[in-house]
There are 2 protein chains.
Amino acid sequence: MQRIKLADVARAAGVHPGTASRALNPETREQVSPATVRRVARAAQRLGYVPNPVARGLRTARSFLIGMVVPDVTNPLFPPMVRGAEKVLTQAGYTLVLTDTDNDAATERRQIELLRARGTDGFIVATARWHDDLLAEIAAAGVPAVLVNRNTASAELPYVGGDERTGVRLAVDHLVALGHRHIAHLGGPADTSTGRERAAAFRQSVLQHGLPATDLVWACAAYTEEAGAEAAGRLLASARPFTAVVAGNDLIAFGVLDALARAGRSCPGEVSLIGFNDMPHLDKLAPPLTSVALPLAEMGAQAARILLSRVDGSAGGPPAQSLLGVELKVRASTAPVT
Amino acid sequence: MQRIKLADVARAAGVHPGTASRALNPETREQVSPATVRRVARAAQRLGYVPNPVARGLRTARSFLIGMVVPDVTNPLFPPMVRGAEKVLTQAGYTLVLTDTDNDAATERRQIELLRARGTDGFIVATARWHDDLLAEIAAAGVPAVLVNRNTASAELPYVGGDERTGVRLAVDHLVALGHRHIAHLGGPADTSTGRERAAAFRQSVLQHGLPATDLVWACAAYTEEAGAEAAGRLLASARPFTAVVAGNDLIAFGVLDALARAGRSCPGEVSLIGFNDMPHLDKLAPPLTSVALPLAEMGAQAARILLSRVDGSAGGPPAQSLLGVELKVRASTAPVT
DNA sequence: TCCCGTACCACAATCGATTGCGTCATCTGA
DNA sequence: TCAGATGACGCAATCGATTGTGGTACGGGA
């Protein structure tokens, strides 16, 4: 069972392979007479010709592959984004290549080099750090790329994320409405845009409500349960009074729950808690966690759309920043201050 | 910033490209003098040479792409397997292409056809149904493929999974040790090997303990919370007495929790519950869910290793079935019968 | 000294499709 | 009737790496 190649089709149609190539390619079809086009098309049909993307890619330097770079697929934040992106990409005839950097810069660089060597047409990157050399290089090299979820300081690349500031404001407003006046923020690492953005938004929201100035903003070392527990432990040890915590994300919130339990403080009885990202199944927790929901799938899809418009050259110009709407899911981890 | 090609390395080392190719390839290195190998290797290193897999693939008729097919990336069961597989594959110079079938047979077929046209060297498939035409075709066509997590009836392809039977036995043993004698099983769909296997193992375990014959085995329509709730609702409505449930997986267990709560039955007070897969963060639930843990990452890695050994032809022979060890994570959703 | 085997490497074909360029035939208009 | 324009297609180079074949230099044995 031999694979049919273009030369076979050409021979069957009685034309030169070059002509057959033009006849089969919609872009160049006009250079061939309609009659010949028909003959070639029919021969291709009859022989069951399937073009070889490898050979085509070698010549055209395009692979129809899009790389998506995430720090850790097992973090429930990313799979919905992957799905959203994949849907758009396959629709457009592209194939998504997922790569997991394990939160490691060296791995990330290696993986991206590998994919570039393979001729990947563009990247969707969810691993951006606030100062990111690798991404600066990519931007400088003119490789089509779109950031999702996390941005960089330089804003050289298009970015798709959630409206972090509004999310934080919704959280703070909700807590204030419940009577809280001593609200802490255990945010994400300062080398991520989300960590910085949410912390800044938190400070601003708190000030707007005229609450006591904020010596209650701490950055966790990572977006993990452990880092959250550690930071919450330090907050508790500091003996500063607080009745509510806005966590940098849900995993950090998990850590806060642990630390509160260990310290014998009840949630939401003594401390209200709000997470970020609205991971699945938060409603099953004890207590069900109030959280800010981001439109993850839509973020992935939007990033893919923007990337494609850059890949096929139809969109140039300065990189756009697009912020999608968020929503506060109120559950039982927040309660009126007693 | 032009890409370095083999010819550049050859020129820098003062040899012919063909020689450079042989020097860089471990298979053919012996045909080149050690001194030359060193010169070429050093030049390649210095110039930062990265071979072009597309060109190589054109000549060798290999793409170095491996497709991994999962029903739904957002199901926490799959990301760890993806990670495990990816690690092994990139190590071996392959690139993983992830594709999400959305639990839809038509989508699955389309995606796989697409990847085959692209020259994908093999597949890791986690979507197998018990009777699966598509996989039968693949096996017949001789496309290298490995099943993971779910098997087919025909067993034509290598399979890597958890030791389901032992997992179920551990669960039942645990419940029996707590004094339960009326144990129900709300299993997965019968068109999946996991659903069938776990149900069969459940029946066997129950019989071995001499418990009353089991009219308490029900198959849910899907591995979802909704299907679990629905099945649990029917079980409750049937008024059959039971004090414990072994769920087909954790999502089904979630549904059971919902149904119990709606029916005013407490867990673990009145009904003990055990899940399957040990999703992350089950310890944060109310109540923390006892569950059977599968070595997901290792399953993915093992599947990748088996696939690679088939792709490079070093392993032929009949398809092997490999069952990895499982573990029962005991938490608070199981309690002595009162 | 001559011959032959061996080791090492260069040359060029090859994988399959794309594409710039050249050629031929046909058509148009003067 | 002929120059020039136009359309349709063939030719061959090209993408970058791999690999079968052939050639050269060196060594050892007679």
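In what follows, chains are A, B, ... by sequence order, proteins preceding strands, each numbered from 1.
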Would a 4.5 Å heavy-atom cut-off, applied to side chains only, mark [X] and [Y] as touching?
X	Y	result
B:F123	B:V69	yes
B:L296	B:L77	yes
B:V70	B:L98	yes

How long is the line joining [atom1] of [X] and [atom2] of [N], in whole Å?
X	N	atom1	atom2	value
B:N52	D:dT18	CG	C1'	13 Å
A:R11	D:dG10	CZ	P	14 Å
B:F64	D:dA17	CZ	P	13 Å
A:R38	D:dA8	CZ	P	13 Å
A:R62	D:dG16	CZ	P	17 Å
A:H16	D:dA8	NE2	P	18 Å
B:K5	D:dT14	NZ	P	10 Å
B:E27	D:dT19	CD	P	9 Å

- Establish whether the base of D:dG10 is bridged to the side chain of A:R22 by a donor-acceptor pair shorter than 3.5 Å. yes
- Task: Go through C:dC8, D:dG16, D:dA13 for me and flag the one nearest to the B:T36 side chain.
- Result: C:dC8
Can you check whether [X] has a side-chain N or O nearer than 4.0 Å to OP1 or OP2 of [N]?
X	N	answer
B:T19	C:dC9	no
A:Y49	C:dG16	no
A:R59	D:dT14	no

Taking any heavy-atom pair under 4.0 Å as a contact, classify [X]: base, sugar-phosphate, or nothing.
X	answer
B:V15	sugar-phosphate
B:S33	sugar-phosphate
A:T60	sugar-phosphate

- Message: Quick check on DNA chain D: between B:P51 and A:P34, whose nearest nucleotide comes earlier from the 5' end?
- Response: A:P34
- Task: Would you mind telling me which residue lines up with the more 5' stretch of DNA chain C, B:Q31 or B:A55, judged by nearest nucleotide?
- Result: B:Q31
- Task: Verify whether one side chain among B:E86 and A:T99 offers a donor that lies under 3.5 Å from an acceptor in the other.
- Result: yes
- Message: Quick one about B:R129 and B:T192 (side-chain donor to acceptor, distance below 3.5 Å, no hydrogens or angles considered), yes or no?
- Response: no
